Amino acid sequence: MIDEERKKYKPTIPKDLINLSAVSFAKSDPTSCMGDQEQIQSQFSSLFGEPIIKISSDTQKSDSISMKIGVVFSGGQASGGHNVICGLFDAIGEMNPKSELFGFIGGPSGIVENQYKKLEKEDVDFVRNMGGFDLIGSGRTKIETDDQLKSSLETAKKLKLDAIIVIGGDDSNTNAAFLAQYFLDNGCTTSVIGVPKTIDGDLRNDQVEISFGFDTACKCYSEMISNIERDAISAKKYYHFIKLMGRSASHIALECALNTHPNFTVIGEEVKEKKMTLDQIVSDICDMIVKRSEMDHNFGVVLIPEGLIEFIPEMEVLIGELNSILAKNPTDPISDLSSEAKKTFQSIPKSIQDQLLLDRDPHGNVQVSHISTEKLISQSVKEKLKQWEGYKGKFSPVEHFFGYEGRAAFPSNFDATYCYALGRVAALLAKKKLTGYMALVKNLTKKSVEWVPCGVPIVSMMNMEIRKGKSKPVIRKSLVDLNSKSFKTFANSREEWMFEPCYNYVGSIQYFGPESVTDQIPKIVQLEG
Ligand code: FBP
């Protein structure tokens, strides 16, 4: 029932994207990249330096050509993905009803293996304003080997595609640029266009104000966190340790903290900057617990970002050593650790030791995202409190992991509207035969009618970084900036949130009701404008 009502939601289209047959494309000066210009330019000789394209409504009508477009989801689910497809489908249909949209099945492997489904109106209508990626599925295959690139080109030729739209995060958009360059090098006219997706919020820079999915995910987590806060302050007997998704950056933890005012939030980037050890983080939390206990508050809420473990210097060393040792499949990996890493290993709880040794990804590396950091912290806090001089308070920890719960919810109004607009921008960039571009919408702090559509060369967001031991061109990941307004707002309030009754109860995402409630944009976007 509720889903049927939600499907009826009509995103307000930015004014420059209403009439797609009357738009102009203004070019900026040539762009460069985020660093390592020489290497980036040599890898992307045809894409480097392309201008930013600003799209505006125009009085002059242009030809309405029919197009064949392929679309693919790449990586983890993020709410709003289906609306990108809806926006794209509607846009190419409005431009010419003979246009066709093909969805590649199961992620980028669908392009390599030519597995697709022609999307019809009823398919698309079924997922309007719905979460998940189930219309066509997603996957984490990277199109990088010669064979994969060649097969992708064959698929593009067989289907006579005008464009392939890659809906993905930083890695997927980097790969989209490689595919675009490969197509150009091999005389293939199919454009490749990216769309910025990831709940993690780490695909963010001067051009990308926020990736889609972040808003809905944070609103879901914030609802659950504030429910737990209310439970904690009612029962007054548990400390809740909540790990939040965000593989590399702590944007989700920061956004949720700004929303819900928990007693303690660990920000991985700050840990790294201050070179904090695990023991220091644990001591800081214990310090708060002891002081709260003196106020008779033996309860609280602590947020921990998923990627924390790699920001802790000694854990980073340990994981790095384990990755190279485990690759050789030794019978006793611990004996090969340096004395520093061995000491760290021995200091962590047995259950986490086992996770480090047994849980490995397909490349043989430690599955960092699967490590129960919330348990590592809560168990270490428990151990430390036992030895805390003079501490007589109670400590009952409860651990949680909020991750998948937030990735496939009905998109918030912001994500639903943003994604629908992104789909329309992607259609226009395809019509203009631009390749290696990311479809973007800016000015997001304004009402959606004022949002500014544009296309930005993916290469302009790149620099060289070491990945799996090799220097590679990649889109620079955005980490929490400790000088940003959002971090400073958090830092200025956290002392108060530790000890005063400050919990902020946000309730669930609101899809119906006054705009002031339904159309809230992410706090970090509001603050950084
Ligand atoms: P993307 O970067 O692909 O959007 O995925 C992000 C994420 O949700 C992380 O927060 C999390 O670590 C990871 O996906 C989990 O991946 P998987 O779905 O493979 O378990």
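These figures come from a predicted structure and were not determined experimentally. In listed order, ligands and their atoms are each counted from 1. Residue numbers start at 1 and run along the sequence shown.
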J.: Looking only at distance, does Ser74 have an N or O less than 3.5 Å from an N or O of ligand 1?
T.: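 Looking only at distances, the answer is no, because the N/O contact criterion of under 3.5 Å is not met.
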J.: Asp200 to ligand 1: N or O pair under 3.5 Å?
T.: yes
J.: I need the atoms of ligand 1 closer than 4.0 Å to a non-hydrogen atom of Glu306, numbered in the order shown.
T.: 10 (O), 11 (C), 12 (O)
J.: Out of Thr198, Leu203, Ile167, Asp202, whose heavy atom is nearest to atom 4 (O) of ligand 1?
T.: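 Nearest option to atom 4 (O) of ligand 1, by heavy atoms: Thr198.
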J.: Can a donor-acceptor pair be found between the side chains of Thr216 and Asp415 at a distance below 3.5 Å?
T.: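 Present: a donor and an acceptor within the cut-off.
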J.: Counting non-hydrogen protein atoms only, what is the nearest one to atom 7 (C) of ligand 1? Give residue, atom name and distance.
T.: Arg407 NH1, 3.7 Å
J.: Among the heavy atoms of Lys197, does any lie under 4.0 Å from an atom of ligand 1?
T.: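 Yes, Lys197 has a heavy atom closer than 4.0 Å to ligand 1.
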J.: Students often mix this up, so state it plainly: with edges at 30° and 60°, are the rings of His240 and Tyr238 parallel, tilted or perpendicular?
T.: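 Perpendicular: the ring planes of His240 and Tyr238 meet at over 60°.
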J.: Would you indicate which of Arg247, Lys477, Arg140 comes nearest to atom 5 (O) of ligand 1 when only heavy atoms are counted?
T.: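 Looking at heavy atoms only, the winner is Arg140.
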J.: Gly169 near ligand 1, heavy-atom distance under 4.0 Å?
T.: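 The answer is no, since Gly169 has no heavy atom less than 4.0 Å from ligand 1.
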J.: Of all the non-hydrogen atoms in the protein, which one sits nearest to atom 20 (O) of ligand 1, and at what distance?
T.: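 Among all protein heavy atoms, the one nearest atom 20 (O) of ligand 1 is Tyr404 OH, 2.6 Å.
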J.: May I ask you to say whether Lys150 pairs ionically with Asp147, meaning some side-chain N is under 4.0 Å from a carboxylate O?
T.: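 Looking at Lys150 and Asp147, the cut-off is not met.
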J.: Verify side-chain hydrogen bond (donor to acceptor under 3.5 Å, both in side chains) between Asn323 and Glu321, making sure each step is shown before the conclusion.
T.: CA-CA 5 Å; Asn323 281 342; Glu321 287 191 24; over 6 Å; no
J.: Heavy-atom contacts with Ile199 under 4.0 Å: which atoms of ligand 1 show up? List them by number with element.
T.: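 Once the distances to Ile199 are compared, the set is 8 (O).
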J.: Geometry only, no angles: is Gly76 polar-contacting ligand 1 at N/O separations under 3.5 Å?
T.: yes
J.: Specify the closest pair of heavy atoms between Gly107 and Val72, including all atoms of both residues, with the distance to one decimal.
T.: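 Reported closest heavy-atom pair: C-CG2, 3.3 Å.
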J.: Within ligand 1, which atoms have a heavy atom of Gly75 less than 4.0 Å away?
T.: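 Within the 4.0 Å cut-off of Gly75, ligand 1 contributes 3 (O).
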J.: Any chance you could lay out the ring pair (Phe, Tyr, Trp, His ring centres under 6.0 Å) test for Phe414 and Tyr418, step after step, and finish with the verdict?
T.: CA-CA 6 Å; Phe414 172 77; Tyr418 182 36; 5.3 Å; yes
J.: Does His370, backbone or side chain, put an N or O under 3.5 Å from an N or O of ligand 1?
T.: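 Between His370 and ligand 1 (N or O atoms, distance only) the closest approach is not under 3.5 Å.
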J.: Could you walk me through whether Asp36 and Asn463 pass the side-chain hydrogen bond (donor to acceptor under 3.5 Å, both in side chains) check?
T.: CA-CA 6 Å; Asp36 314 296; Asn463 63 180; 5.2 Å; no
J.: Can a donor-acceptor pair be found between the side chains of Gln510 and Thr518 at a distance below 3.5 Å?
T.: no
J.: Can you check ring pair (Phe, Tyr, Trp, His ring centres under 6.0 Å) on Phe44 and Phe178, steps first, answer last?
T.: CA-CA 8 Å; Phe44 298 99; Phe178 272 108; 4.8 Å; yes
J.: Can you tell me if Gly246 contacts ligand 1 (heavy atom of the residue under 4.0 Å from the ligand)?
T.: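 Judged by the 4.0 Å heavy-atom criterion, Gly246 does count as contacting ligand 1.
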